[in-house]
Amino acid sequence: MSLIMPEIEPHTMSGRDLLIEKLSKILPETSLIIDETGRRAFECDAFTMYRALPLIVVLPETVAQVQAIMALASEMNVKVVPRGAGTSLSGGSMPLEDGILLVLSKFNRILEIDYDNRCVRVQPGVQNLTVTRAVEAQGFYYAPDPSSQIACSIGGNVAENAGGVHCLKYGLTTNNILGLEIVLVGGEILRLGGAHLDSELYDLMGVITGSEGLLGVITEVTVRILPKPAVARCLLLGFDSVKAGALFVGSVIAHGIIPAGMEMMDKKTIQAVERFQPCGYPLNVEAIVIVELDGVQAEVDHLVEIVRQIAQEAGATTTKVSLNEAERLQFWAGRKNAFPAVNCIAPDYLCMDGTIPRAQLPLVLERMDELAQSYGLSVANVFHAGDGNLHPLILYDASKEGDVARAEKLGADILRLCVSVGGVLTGEHGVGVEKRDLMSEMFTQADLEAQMHLKCAFDPAGRLNPGKVFPTLHRCAEFGMMHIQGGKIPFAHLPRF
């Protein structure tokens with residue numbers, strides 16, 4: 001898989017030196033990383049299978065600096081890869097050897113808390129969990145809660161449209177943001193939305209959310225905060241088979257119940273979690289399902305009993321109900337730490353992110369196990385069962401010859417399986433480089449070209465995060481006249497890759 005884009009001006013040392021000289025006039029010395037050792041710290045994100053040493057790393061602190069960097073990159077025809085906390089699991093923020101890596105970790109301030117309008121303005125480098133901690137004393141919280149919420153940034157959440165264990169009831173990032181500020185490829189600022197709930201104009205926020213850094217650099221986000229539910233209780237349910245647990249999940253939704261969260265883990269994951277951070281999960285079951293119900297006391301108590309009855313009818317062998325907040329958090333602690341816990345049972349793992357219709361859960365889980373056996377590997381399953389977002393963790397050993405290649409091929413087959421049953425390639429991790437070459441499994445050529453039209457409208461020279469998402473690189477000129485900033489630009493005036 002080729003991840004390096006060809007032919008940029010600063011590919012030579014003289015070009016790089018000129019770029020560094022100009023960047024040094026924009027940024028202080030502490031915000032410009034040019035030595036190899038310093039750049040090596042940014043050679044990959046959480047998708048560690050692929051690495052590249054960035055040409056230059058910049059860490060701006062102001063919007064004006066971001067504007068100047070983008071304008072300079074446009075002037076010198078240099079590629080730019082935006083990066084937040086680097087927790088991307090699809091290689092979306094992996095750098096390019098001939099491009100600037102624009103790191104937004106210094107954009108880490110909460111700008112305004114507006115309780116009247118129930119929103120918070122933050123810079124993109126603010127960590128997800130920081131938002132909730134800033135407003136919880138007043139009885140509010142920020143709903144999207146990825147497993148990496150202690151580390152991942154809000155800007156990265158927007159770029160990937162991140163979800164979390166509570167997205168079943170409260171939605172993904174796109175359902176919980178109200179406004180964005182974006183610096184475009186030439187340095188112009190675009191502001192979308194605000195403290196209000198909706199706009200009569202085109203839904204450009206929906207376009208930017210999940211765009212994986214291909215359209216602009218996010219410099220400010222207005223997020224929606226919610227009142228903390230009066231009561232939240234969890235059920236921890238054990239099943240003798242993964243299939244029984246999957247059927248239970250479908251039964252809950254079929255009864256018209258939408259839990260705040262509904263997560264599932266198989267035996268491999270349960271055992272890993274109990275070794276990593278004991279939470280009291282039963283070890284004699286093949287799968288557990290965690291169901292959280294929230295609302296007013298009477299409603300929650302009523303729903304707990306209904307879900308308990310559905311679980312018993314589905315063959316649950318273990319049923320625990322949280323009696324207090326500490327116990328509820330303990331139930332969730334294992335799920336939140338499932339990814340790092342898996343390293344207790346395997347030296348390496350590849351985390352996938354397919355999403356399927358809930359009714360297909362039993363079939364897909366069974367077929368996934370068959371695929372793993374055919375490759376001589378195993379899979380630990382942990383996923384957002386309520387919305388069908390699977391996170392199979394393919395276990396392998398990178399030190400064993402052939403294991404990396406087998407893990408990649410198995411991952412691709414799992415994603416093809418998800419698409420074949422009516423699902424999609426990604427639920428929240430994004431496409432990045434991991435799923436880039438599988439896009440044609442889900443989209444026709446016409447679909448991909450329509451998406452490229454949009455990319456070209458924002459970035460006609462293809463300088464923003466190139467080599468990600470799209471399996472085939474097109475010159476924007478191939479798509480005809482593009483509408484940029486209200487005017488038309490003919491082919492001859494479009495910069496070339």
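Keep in mind the model is a prediction, meaning the values are calculated, not measured. Only heavy atoms go into these numbers, but all of them, side chains included; no hydrogens, no water, no symmetry mates.
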For this session: Could you check Ile356, Asn389, Thr269, Leu361 and say which one makes a side-chain contact (heavy atoms from CB on, under 4.5 Å) with Phe383?
Result: Leu361
Problem set entry | Side-chain donor-acceptor pair present, His429, Glu434, cut-off under 3.5 Å | no
For this session: Using side chain to side chain donor-acceptor pair (under 3.5 Å) as the criterion, point out the one residue from Glu263, Arg335, Lys336 that pairs with Ser147.
Result: Arg335
Exercise. Looking at side-chain heavy atoms only, is the closest gap between Leu102 and Arg83 below 4.5 Å?
Worked result: no
Seminar exercise, completed: Correct closest heavy-atom pair for Phe107 and Pro60 would be CE1-O, 3.3 Å
Problem set entry | Residues Ile394, Met352; criterion side-chain contact (heavy atoms from CB on, under 4.5 Å); working and verdict | CA-CA 8 Å; Ile394 299 171; Met352 307 309 295; 3.9 Å; yes
Exercise. Relative to each other, are the rings of His166 and Trp332 parallel, tilted or perpendicular (30° and 60° limits)?
Worked result: tilted
Exercise. So with a 6.0 Å cut-off around CG of Leu111, is the heavy-atom count from everything else above 12?
Worked result: yes
Exercise. Is it true that Lys169 and Asp294 make a salt bridge, defined as a side-chain N closer than 4.0 Å to a carboxylate O?
Worked result: yes
Exercise. Is it true that atom NZ of Lys409 has more than 12 heavy atoms of other residues, nucleotides or ligands lying nearer than 6.0 Å?
Worked result: no
Problem set entry | Thr222 side-chain N/O to Val120 backbone N/O, donor-acceptor pair under 3.5 Å | no
Exercise. What do the steps show when you test Ser153 against Asn128 for side-chain contact (heavy atoms from CB on, under 4.5 Å), and what is the final call?
Worked result: CA-CA 5 Å; Ser153 64; Asn128 176 289; over 6 Å; no
Seminar exercise, completed: With sequence neighbours left out, the residues meeting side-chain contact (heavy atoms from CB on, under 4.5 Å) with Arg39 are Arg16, Ile33, Glu36, Leu53, Pro54, Val57
Problem set entry | Beyond-backbone contact of Val379 with Asp266, side-chain heavy atoms, under 4.5 angstrom | no
Problem set entry | Donor-acceptor contact present, side-chain Asp114 to main-chain Asp116, <3.5 Å | yes
Exercise. Hey, are the side chains of Leu226 and Arg118 touching, using non-hydrogen atoms and a 4.5 Å cut-off?
Worked result: no
For this session: Please confirm whether the backbone N or O of Leu55 pairs with a side-chain atom of Glu97, one donor and one acceptor, at under 3.5 Å?
Result: no
Exercise. How long is the gap from NZ on Lys79 to CG on Asp98, to the nearest 0.5 Å?
Worked result: 3.5 Å
Problem set entry | Distance, nearest 0.5 Å, that separates CD of Gln127 from CZ of Arg133 | 8.0 Å
Exercise. Could you state the interatomic distance from CE (Met94) to CD (Glu43), rounded to the nearest 0.5 Å?
Worked result: 9.5 Å
Exercise. Just how far is it from atom CE of Met262 to atom CE of Met264, taken to the nearest 0.5 Å?
Worked result: 10.5 Å
Problem set entry | Test item: Gln123 side-chain N/O and Asn108 main-chain N/O as donor-acceptor pair under 3.5 Å | yes
Problem set entry | For Ile218 against Gly155, the heavy-atom pair lying closest together | CD1-O, 4.0 Å
For this session: Check whether any side-chain heavy atom of Leu23 lies under 4.5 Å from a side-chain heavy atom of Ile56, and answer yes or no.
Result: yes
Name every donor-acceptor pair, under 3.5 Å, that has one atom in a side chain of residues 177-187 and the other anywhere in the protein, sequence neighbours excluded.
{"unit_1": "Glu181", "atom_1": "OE1", "unit_2": "Thr219", "atom_2": "OG1", "d": "2.6"}
{"unit_1": "Glu181", "atom_1": "OE2", "unit_2": "Arg191", "atom_2": "NH1", "d": "2.5"}

Exercise. For the rings on Phe140 and Tyr115, is their centre-to-centre separation under 6.0 Å?
Worked result: yes
Problem set entry | Thr426 and Asp353: CA distance, side-chain angles, deciding distance, side chain to side chain donor-acceptor pair (under 3.5 Å) verdict | CA-CA 5 Å; Thr426 178; Asp353 176 44; 2.4 Å; yes
Exercise. Are any non-hydrogen side-chain atoms of Glu366 and Asp369 less than 4.5 angstrom apart?
Worked result: no
For this session: I would like to know whether Lys228 and Glu136 meet salt bridge (Lys or Arg N to Asp or Glu O under 4.0 Å); could you show each step before the answer?
Result: CA-CA 8 Å; Lys228 187 177 179 181; Glu136 61 188 354; over 6 Å; no
Problem set entry | Nearest heavy-atom neighbours spanning Gly462 and Pro466 | O-CB, 3.5 Å
Exercise. Can you find a pair of side-chain heavy atoms, one from Leu448 and one from Pro471, that are under 4.5 Å apart?
Worked result: yes
Problem set entry | Test item: Leu19 and Leu72 side chains (from C-beta on) under 4.5 Å apart, heavy atoms | yes
For this session: Indicate whether any N or O donor in one side chain lies under 3.5 Å from an N or O acceptor in the other, for Asp45 and Ser93.
Result: yes
Exercise. Is the backbone of Glu61 close enough, under 3.5 Å, to the side chain of Gln65 for a donor and an acceptor to pair up by distance?
Worked result: yes
Exercise. Nearest 0.5 Å, what's the CG-OG distance between Asp459 and Ser74?
Worked result: 9.0 Å
Problem set entry | Verdict with reasoning, Asn381 to Val242, per side-chain contact (heavy atoms from CB on, under 4.5 Å) | CA-CA 10 Å; Asn381 283 296; Val242 173; 5.9 Å; no
Exercise. Counting only N and O atoms by type, is there a donor-acceptor contact under 3.5 Å from the side chain of Ser211 to the main-chain atoms of Leu215?
Worked result: no
For this session: For Ser31 and Lys106, test the side chains for any donor-to-acceptor distance below 3.5 angstrom and give the result as yes or no.
Result: yes
For this session: Quick one: closest heavy-atom pair of Gly213 and Ala159, and the distance?
Result: N-CB, 4.4 Å
Problem set entry | Point-to-point distance, once rounded to the nearest 0.5 Å, from CG of Asp447 to OG of Ser440 | 11.0 Å
For this session: Identify the heavy atoms of Arg358 and Val249 that sit nearest to each other, and give their distance.
Result: CD-CG1, 4.4 Å
Exercise. Would you say the side chain of Leu214 lies within less than 4.5 Å of the side chain of Phe458, judging by non-hydrogen atoms?
Worked result: no
Exercise. So, does Arg436 use its side chain to make a donor-acceptor pair with the main chain of Gly467 at under 3.5 Å?
Worked result: yes
Problem set entry | NZ/NE/NH1/NH2 to OD/OE distance under 4.0 Å, Glu292 and Arg328 | yes
For this session: May I have the step-by-step check of side-chain contact (heavy atoms from CB on, under 4.5 Å) for Val66 and Met70, ending in yes or no?
Result: CA-CA 6 Å; Val66 175; Met70 296 301 289; 4.2 Å; yes
For this session: Give me the one residue out of Val131, Ile154, Thr209 that meets side-chain contact (heavy atoms from CB on, under 4.5 Å) with Val221.
Result: Ile154
Problem set entry | Polar side-chain atom of Asn176 near backbone of Tyr142 as donor-acceptor pair, under 3.5 Å | no
Exercise. Which heavy atom of Asn161 sits nearest a heavy atom of Thr174, and at what distance?
Worked result: OD1-N, 2.9 Å
For this session: Can you tell me which residue pairs pass the side-chain hydrogen bond (donor to acceptor under 3.5 Å, both in side chains) test with a partner in residues 410-422, sequence neighbours excluded?
Result: Tyr375-Asp413, Asp413-Arg416, Arg416-Glu441
